[in-house]
Protein chains: 2
Amino acid sequence: MSAEPQPIHPRKLEIVEAAVTCFLEKGYHQTGVRDIVGQAGISLGNLYNHFKGKEAILVFIAKIEGQELSDFIDRLSDNDDPRATLGWFITDYAAYVSLPENALLGAEILTESLRNPAIADVFGRNRSRLIAALAGCITQGTKSGIFAPQVDPHMVACLILDALEGKGLRSLSSPSGDNLTRDAIGSFILNGLKP
Amino acid sequence: MSAEPQPIHPRKLEIVEAAVTCFLEKGYHQTGVRDIVGQAGISLGNLYNHFKGKEAILVFIAKIEGQELSDFIDRLSDNDDPRATLGWFITDYAAYVSLPENALLGAEILTESLRNPAIADVFGRNRSRLIAALAGCITQGTKSGIFAPQVDPHMVACLILDALEGKGLRSLSSPSGDNLTRDAIGSFILNGLKP
DNA sequence: AGATAATGAACGATCGTTCGTTCATAACAT
DNA sequence: ATGTTATGAACGAACGATCGTTCATTATCT
């Protein structure tokens, strides 16, 4: 989609990796560019040969996150069995957002998107695509009679994402039962979709 | 509960109010103490006569948020009709978290609690109380046979909060249909609780 | 008088960014 | 092949701005 035409300079990826490490540890605003270049093992000035500024790094990271989401979206689209599709999505997406790195980074990007238009643009686009794909899967199910017709697909799509991401955030501070609650969420929602 | 013994200096509340305004507009870390004292119309040094530092202001705000939550918790406790209780909670809490001020401030506090132990302490305590009260209401319902016994009350409690707060956050960037989705969430969950 | 509230200059630290420079490599000209 | 020019990654000092906090001082009250 938005893949860069020319291959990305390896140093650029090193910077991104270092930035992610710093953002996870201290958060975006608490991280200084000197933290990043220190982590990356490069000089201060060199960072600006690869990125326009600090914000551009976070935008780049948000775009990468969007690419990772594309995997889910693609698999959400081939849709002969919406019930099974929804099943693995809940399983896999729960695993994805339960990785501390993804949960923390997602929270960081979401929070920043509330006030930073550049981030909001990338984040909003990614989010809309994911919700649309998920809602599309549910719509498919209602059309084929597998799911109840009176439920709003878009609402359930948001509900699923909110529930799983909320669980991911919660697991940061309490290493509680993971797969159990994940399955509980899954069966509650699938049960609610039953006609 | 944690009400201060001696009455609070009016100036202290003015500072808090100003800080809230600033935090809403720019976020916690992007707000400088000079922004706060400017908004409050006081001098820079005087702020430190009322608060130990910038962080103490956010802790104070988090405690206030906890008191507002106490209203919900109290009403969640008298529990002769769990179904009706859950109904108004969803309605009222949705209204609460759909106010931009509450949604933004909640997100700010949550994000900060991920790395700031002082905030995490206050926030975590408040959150646990709310979840426990909500789960208690559901448990009451299952015991009296109104709700299905196989659903996990704690999971559903988290699901309700995640769904409503997610909706509140979403309404910040898209002023979409409010009460419609709120009711859709409510009936989906109440339907899922049916025995 | 004595306590409390209020002030703003000043401090050291850190912020994100810009700048002039070096240097190894690549492209080109002869 | 040899000398010349062009390119851009890498560097770190330096910039002006802002950060949160402290402090000596003044004003306002009981």
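Values below: every heavy atom of this structure, side chains too, minus hydrogens, waters and symmetry copies. Sequence lines set the chain letters: A, B, ... in the order given, protein chains first and strands last, and positions in each chain run from 1.
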Task: ILVMFWY cluster, L164(B) and L105(B) together (side-chain gap under 4.5 Å) - done: no
TODO: List in chain and number order the residues that pass ring-ring contact (aromatic ring centres under 6.0 Å, His included) with H154(A), two or more places apart in sequence or in another chain; answer none if no residue qualifies.
DONE: none
- [ ] Could you list all the side chain to side chain donor-acceptor pair (under 3.5 Å) pairs where at least one residue sits in residues 105-121 of chain B, not counting sequence neighbours?
- [x] E108(A)-R115(B), T111(A)-T111(B), R115(A)-E108(B), H29(B)-E112(B), E55(B)-N116(B), E112(B)-N116(B), D121(B)-R125(B)
Open item on the list: Nearest 0.5 Å, please: how far is CD1 in I109(B) from CD1 in I61(B)?
Closed with: 7.0 Å
TODO: Check the distance between dA6(C)'s C1' and K12(B)'s NZ and give it to me in whole angstrom.
DONE: 17 Å
- [ ] Quick one: pull up OG in S187(B) and CG in D152(A) and give me the separation to the nearest 0.5 Å.
- [x] 10.0 Å
- [ ] Drop me the distance from I131(A)'s CD1 to L76(A)'s CG, to the nearest 0.5 angstrom.
- [x] 12.0 Å
Open item on the list: Nearest 0.5 Å, please: how far is CG in N126(A) from CD in E68(A)?
Closed with: 10.5 Å
Output a table of nitrogen or oxygen pairs between the protein and nucleotides 10-13 of chain C separated by less than 3.5 Å.
{"from": "dA10(C)", "atom 1": "N6", "to": "R34(B)", "atom 2": "NH2", "distance (Å)": "3.4"}

Task: Nucleic acid contacts - residues 35-42 of chain B versus DNA chain D, non-hydrogen atoms under 4.0 Å - done: none
TODO: Indicate yes or no for a side-chain donor-acceptor contact from T142(B) to the backbone of F147(B) under 3.5 Å, with no hydrogens or angles considered.
DONE: no
Open item on the list: Quick check on contacts: within residues 16-24 of chain A, what sits under 4.0 Å from DNA chain D by heavy-atom distance?
Closed with: none
Task: Residues forming a ring-ring contact (aromatic ring centres under 6.0 Å, His included) with Y28(B), sequence neighbours excluded - done: F23(B)
Pairs of donor and acceptor atoms involving the side chains of residues 188-195 of chain B, under 3.5 Å and at least two apart or interchain, shall be tabulated with distances.
{"from": "N191(B)", "atom 1": "OD1", "to": "K194(B)", "atom 2": "NZ", "distance (Å)": "3.3"}

Open item on the list: Could you tell me if R75(A) and T85(A) have a donor-acceptor pair between their side chains, going purely by distance under 3.5 Å?
Closed with: no
- [ ] Keeping the roles fixed (side chain from K63(B), backbone from L58(B)), state whether a donor-acceptor pair exists under 3.5 Å.
- [x] no
Task: Rounded distance (Å) that lies between atom P of dA3(C) and atom NE2 of H9(B) - done: 17 Å
Open item on the list: Quick test of your reading: applying side chain to side chain donor-acceptor pair (under 3.5 Å), list the pairs with at least one residue in residues 34-49 of chain B, sequence neighbours left out, ordered by first then second residue.
Closed with: K26(B)-D35(B), N46(B)-N49(B)
Task: Pairs touching residues 62-91 of chain B that satisfy ring pair (Phe, Tyr, Trp, His ring centres under 6.0 Å), sequence neighbours left out - done: F72(B)-F89(B), F72(B)-Y93(B), F72(B)-Y96(B), F89(B)-Y93(B)
- [ ] Could you state the atom-to-atom distance from CG of L47(A) to P of dA13(D) in whole Å?
- [x] 17 Å
Open item on the list: At a heavy-atom distance below 4.0 Å, what parts of residues 49-58 of chain A sit against DNA chain D?
Closed with: N49(A), H50(A)
Open item on the list: So, OP1 or OP2 of dA6(C): does either fall under 4.0 Å of a side-chain N or O from R11(B)?
Closed with: yes
Task: Heavy-atom side-chain proximity of M155(A) to I185(B) below 4.5 angstrom - done: yes
- [ ] Identify, residue by residue, the members of residues 109-120 of chain B with a heavy atom below 4.0 Å from DNA chain D, and return them in order of residue number, or none.
- [x] none
Task: Atom pair OG1 (T181(B)) and CG (D183(B)), whose distance is rounded to the nearest 0.5 Å - done: 8.0 Å
Open item on the list: Determine whether a donor-acceptor pair (N or O, by modelled atom type, separation under 3.5 Å) exists between the side chain of S174(B) and the backbone of S171(B).
Closed with: no
Open item on the list: Return a single string for nucleotides 23-30 of chain D, one symbol per nucleotide in 5' to 3' order, where B is base contact, S is sugar-phosphate-only contact and - is none, cutoff 4.0 angstrom on heavy atoms.
Closed with: --------
Task: Whether K167(B) side chain and D162(B) backbone form a donor-acceptor pair below 3.5 Å - done: no
